[in-house]
Amino acid sequence: EPEVTQTPSHQVTQMGQEVILRCVPISNHLYFYWYRQILGQKVEFLVSFYNNEISEKSEIFDDQFSVERPDGSNFTLKIRSTKLEDSAMYFCASRKTGGNTEAFFGQGTRLTVV
Amino acid sequence: AQKITQTQPGMFVQEKEAVTLDCTYDTSDPSYGLFWYKQPSSGEMIFLIYQGSYDQQNATEGRYSLNFQKARKSANLVISASQLGDSAMYFCAMRQIRDDKIIFGKGTRLHILP
């Protein structure tokens with residue numbers, strides 16, 4: 001069964017460093033998302049991406065964050081200068097097409113900023 | 001503004017019993033989708049079931065069913081014949097057709113007792 005895959009599963013980085021979280025969405029999906037979940041808290045929307053551009057973003061998604069679809073398969077989230085409070089589980093998700101189709105999530109990348 | 005409310009932070013249920021996890025939502029959009037996701041201790045987000053706002057029948061998926069009461073704006077998840085492997089965090093979520101983001105409730109942690 002096709003699935004969303006994320007790498008790495010766990011990343012530790014020093015404060016101030018740049019990190020890139022990688023995702024391979026399901027191949028025939030057109031809408032892509034990043035969410036984050038701070039430990040023990042709710043899942044928060046960061047950004048949605050369609051047709052090679054951001055379609056919606058939350059106030060969390062400030063200038064430190066960017067997304068890219070560098071080729072036909074990868075979807076990346078970059079955090080330019082990590083802060084301690086960026087420590088969280090980051091989920092990538094994708095869904096097929098318009099309408100209210102379900103989104104499928106990757107297994108997450110746990111980012112720890114030290 | 002759209003909102004998801006899960007009022008049960010935690011539940012303990014005996015194995016083999018049925019369990020109902022509560023979810024209410026608020027939206028002004030007539031077209032929306034409702035989702036339930038399971039998050040086991042390993043952290044991944046597993047899609048369980050989807051209900052569209054215009055669907056005439058309640059969604060079912062194996063042991064999962066969604067008790068959709070549109071007038072009351074509730075979308076409770078029912079798990080029949082619970083199993084030890086059902087112990088996890090469960091999130092109710094919603095997407096309005098005009099938005100491109102899914103918002104999540106705070107979750108209910110379900111513990112199945114042997």
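Naming: A, B, ... by sequence-line order, numbering from 1 per chain.
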Asks: Does A:Phe45 reach the side chain of A:Glu56, with side-chain heavy atoms less than 4.5 Å apart?
Replies: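 Heavy-atom side-chain distance check passes, below 4.5 Å.
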Asks: With a 4.5 Å cut-off on heavy-atom pairs, point out which of B:Gln39, B:Lys101, B:Met89 contacts chain A the most.
Replies: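 Counting heavy-atom pairs under 4.5 Å, the top option is B:Lys101.
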Asks: For chain B, which residues from residues 103-114 of chain A lie under 4.5 Å away (heavy-atom distances)?
Replies: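 If one takes a 4.5 Å heavy-atom cut-off, the residues of residues 103-114 of chain A near chain B are A:Ala103, A:Phe104, A:Phe105, A:Gly106, A:Gln107.
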Asks: Taking the cut-offs as 6.0 angstrom to the six-membered ring centre and 45 degrees off its axis, would you call A:Arg69 and A:Phe75 a cation-pi pair?
Replies: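 The answer is no, since A:Arg69 fails at least one limit relative to A:Phe75.
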Asks: Using non-hydrogen atoms and a 4.5 Å limit, figure out which bit of A:Gln37 sits close to chain B: side chain, backbone, both or neither.
Replies: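 For A:Gln37, the side chain is the part near chain B, not the backbone.
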Asks: Go through A:Tyr90 and A:Ile79 one step at a time and tell me if the side chain to side chain contact (heavy atoms under 4.5 Å, CB included) criterion holds.
Replies: CA-CA 11 Å; A:Tyr90 287 81; A:Ile79 309 174; 3.9 Å; yes
Asks: Would A:Lys96 and A:Asn28 count as a side chain to side chain contact (heavy atoms under 4.5 Å, CB included) here? Give the steps.
Replies: CA-CA 6 Å; A:Lys96 192 184 288 189; A:Asn28 61 346; 4.1 Å; yes
Asks: Provide the full list of disulfide (SG to SG under 2.5 Å) pairs with a residue in residues 17-89 of chain B, sequence neighbours left out, each pair given once.
Replies: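 Applying disulfide (SG to SG under 2.5 Å) to every pair that reaches into residues 17-89 of chain B, excluding sequence neighbours, yields B:Cys23-B:Cys92.
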Asks: Are B:Phe104 and B:Tyr37 an aromatic pair, judged by ring center distance below 6.0 Å?
Replies: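 Distance test on ring centres: under 6.0 Å, yes.
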Asks: Can you confirm whether more than 12 heavy atoms, excluding those of B:Lys106, are under 6.0 Å from its NZ atom?
Replies: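 Not more than 12 within 6.0 Å, no.
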Asks: Using non-hydrogen atoms and a 4.5 Å limit, figure out which bit of B:Ile102 sits close to chain A: side chain, backbone, both or neither.
Replies: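 Contact with chain A is through both the backbone and side chain of B:Ile102.
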